Participant: 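One structure, as structure tokens, below. Some questions next.
Keep in mind that this is a model prediction, so the values were computed, not measured. The figures here come from the full heavy-atom set of this structure, side chains too, leaving out hydrogens, waters and symmetry mates.
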Amino acid sequence: MTTSLTPAGPPFGRTGGAGRARLAVALVFAVHGAVGGTFVSRIPWIKDHLGLSPGQLGLALVMPAIGSSLAMPLAGRVVHRYGGRASVAGLLSLCCLALALPVLAPSLPVLCLFLLAYGATAGMSDVAMNAQGVEIEQRLGRSIMSSLHGMWSAGGLVAAGIGILAVHQDVDPRIQIGVTAFVLLLIAQPVCGALPDVRAAEHAEAPPRFALPPRSSLVIGLVGFCAVFAEGASMDWSGVYLREVTGASPAVAAAAYTAFSLTMAISRLAGDVVIRRLGAVRAARLSGAIATGGGLLVVAADRPALAVPGFALIGVGVAVVVPLAFAAAGRIGSNPSQAIAGVATVTYTSGLIAPAIIGGLAQATSLTVSFGVVTALAAALMLSAGALRRAEDHAPGTEPVNVITPESKKPFEKNTPAI
């Protein structure tokens, strides 16, 4: 299926429209990250409140990923019908509201249903906001996707910190999350109003209600798959690795996750500079080399002083790969939302299965062998980075491919409301 597109409009004007649009989409990413960070901070309370065993909790925590994977293919149809601005506003608002559901669940089955809904809204809003990011990047003429994902990481870290503070102050999680969801919802509405109103042409064919990922996005998705596998494995198993393999104290083991998260966030915020200088393919290969070096340090580590820097380097290495994959998907086809949904489905599936595969390998062999696999996938980034080359031919400043309305053909600052 192909979708007929209208030509892209002129570049941004010089009176601040570009700055407002970029700030708006950056805040959208931060709000989305804050939703996730808030939820993660209250997982231990949910476990204790419902009396869940580790296995039951593991089952429940699979539900958001399943909900995302099932719902993301619907996002292309939603964006086509309602336009980019309204889609992000509606889906992000639903995501904020869904944040309040898990702490209200009275039992495991209800919790699983609530987490499916939470994952579905988070996944669809993720696709819609990445499509907006690609559009704004294309019209700005320079890379911004890495810093947008950095804002997502920063939003998650800040929200998780607030959640930890609320735990120490014995704030009821239902009150804390309810207030947080309401505040994020209030922030999201005016922020989304400042996004460009990107729409399909009137004569464009609507995508299927449930669109399977296009083949072109699957190849790019494999690049993201390698990065997200390393990311998911490191996030979930770094502390265990430090404790069981290197004999670290609980405090030092926790530092491994902190080092990984902070280096990833900082690298994403600074990554656009590297991408602009090197291009997508070379930046991805450099990322793969750094992540591979970190993985080798982790595998060789016999003490925490080697393993913690190793996990930090993995964080640096994988930081910009997923933003590059989403940006590439948004440029190669006639339906950016559908292509981004395809890449997101492949990459997030990697994040879903990575912790389980690492655990299974560790059970059959050892954690060291498991992270040998992680290192091999990081090395595969250097070989698979060429999949981004086709998208690099349509890099920002060359050939815009996204769709805008006749209104948005006017100077951008005239149709982009202030935040």
Participant: Check for a donor-acceptor pair, side chain of T263 on one end and backbone N or O of G315 on the other, with a separation under 3.5 Å.
Facilitator: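 Side chain of T263 to backbone of G315, a donor-acceptor pair under 3.5 Å: no, none is there.
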Participant: Any donor-acceptor pair under 3.5 Å linking the side chain of D126 with the backbone of A122?
Facilitator: no
Participant: Is the side chain of H32 donor-acceptor paired with the backbone N or O of L92 at a distance under 3.5 Å, no angle test?
Facilitator: no
Participant: Return the CG to CG distance between L101 and L111, rounded to the nearest 0.5 Å.
Facilitator: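 That separation rounds to 10.0 Å.
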Participant: Can you tell me how far CD of Q56 sits from NZ of K47, rounded to the nearest 0.5 angstrom?
Facilitator: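 Reported value, rounded in 0.5 Å steps: 9.0 Å.
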Participant: Taking the side chain as everything from C-beta on, heavy atoms only, tell me whether V281 gets closer than 4.5 Å to R285.
Facilitator: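 Counting from C-beta outward, V281 and R285 do come under 4.5 Å.
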Participant: Contact between Q176 and Q169 at the side-chain level, heavy atoms closer than 4.5 Å - yes or no?
Facilitator: no
Participant: I need the I177 CD1 to L104 CG distance, nearest 0.5 Å.
Facilitator: 8.5 Å
Participant: Taking all non-hydrogen atoms of both residues, which atom of C192 and which atom of V28 are closest, and how far apart?
Facilitator: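 Minimum heavy-atom separation between C192 and V28: SG-CG2, 4.0 Å.
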Participant: Indicate yes or no: at least one non-hydrogen side-chain atom of S384 is less than 4.5 angstrom from one of L222.
Facilitator: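 The answer is no; the side chains never approach within 4.5 Å.
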Participant: Strictly distance-based, threshold 3.5 Å: is any side-chain N or O of T368 a donor or acceptor partner for the main-chain N or O of V299?
Facilitator: no
Participant: Drop me the distance from C112's SG to L108's CG, to the nearest 0.5 angstrom.
Facilitator: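 Going from the SG atom of C112 to the CG atom of L108 covers 4.5 Å.
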Participant: Check whether R243 reaches the backbone of A248 with its side chain - one donor and one acceptor, N or O, closer than 3.5 Å.
Facilitator: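 Indeed, once roles are kept as given, a pair shorter than 3.5 Å links the two residues.
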Participant: Let me see the working for V369 and S366 under side-chain contact (heavy atoms from CB on, under 4.5 Å), right down to the final yes or no.
Facilitator: CA-CA 5 Å; V369 172; S366 68; 3.4 Å; yes
Participant: Please name the pair of heavy atoms, one in S87 and one in Y82, separated by the smallest distance, quoted to 0.1 Å.
Facilitator: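 It is OG-CB, 3.8 Å.
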Participant: Does the side chain of L27 come within less than 4.5 Å of I187's, by heavy atoms?
Facilitator: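 When only atoms from C-beta onward are counted, L27 and I187 do not touch, as no gap falls below 4.5 Å.
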Participant: Would you say the side chain of I358 lies within less than 4.5 Å of the side chain of L367, judging by non-hydrogen atoms?
Facilitator: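 Yes, close enough: below the 4.5 Å cut-off.
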Participant: Is there side-chain contact between S238 and F260, with at least one heavy-atom pair below 4.5 Å?
Facilitator: no
Participant: Specify the closest pair of heavy atoms between C96 and A181, including all atoms of both residues, with the distance to one decimal.
Facilitator: O-CB, 3.2 Å
Participant: Can you name the one residue among V343, L324, V346 that meets side chain to side chain contact (heavy atoms under 4.5 Å, CB included) with I220?
Facilitator: V343
Participant: Over all heavy atoms of both residues, which pair between R22 and S147 is shortest? Give the atoms and the distance, please.
Facilitator: NH2-OG, 3.3 Å
Participant: Is it the case that the side chain of S146 and the backbone of V320 share a donor-acceptor pair, with hydrogens and angles ignored and the cut-off at 3.5 Å?
Facilitator: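 No, S146 side chain to V320 backbone: no donor-acceptor pair under 3.5 Å.
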Participant: Considering only heavy atoms from C-beta outward, does the side chain of Q132 approach that of F29 to under 4.5 Å?
Facilitator: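 Of all side-chain heavy-atom pairs linking F29 with Q132, none is under 4.5 Å.
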Participant: Measuring only between side-chain heavy atoms, which start at C-beta, is L262 closer than 4.5 Å to L157?
Facilitator: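 Counting from C-beta outward, L262 and L157 do come under 4.5 Å.
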Participant: Using 30° and 60° as the class boundaries, would you call the ring planes of F371 and F311 parallel, tilted or perpendicular?
Facilitator: perpendicular
Participant: For a side-chain contact (heavy atoms from CB on, under 4.5 Å) check, start with the C-alpha distance between I144 and R276, then their side-chain angles and the critical distance, and finish with the verdict.
Facilitator: CA-CA 9 Å; I144 65 168; R276 291 168 196 161; 4.3 Å; yes
Participant: Please determine whether side-chain contact (heavy atoms from CB on, under 4.5 Å) holds for the pair L113 and M63, giving the CA-CA distance in whole Å, both sets of side-chain angles, and the decisive distance to 0.1 Å.
Facilitator: CA-CA 8 Å; L113 289 176; M63 294 299 122; over 6 Å; no
Participant: Which heavy atom of Y241 sits nearest a heavy atom of V298, and at what distance?
Facilitator: OH-O, 2.7 Å
Participant: Using atom types as modelled and distance alone, determine if a side-chain donor or acceptor of S41 lies under 3.5 Å from a backbone N or O of T38.
Facilitator: yes
Participant: So which heavy atom on D272 is nearest to which on M145, and how close?
Facilitator: OD1-N, 3.5 Å
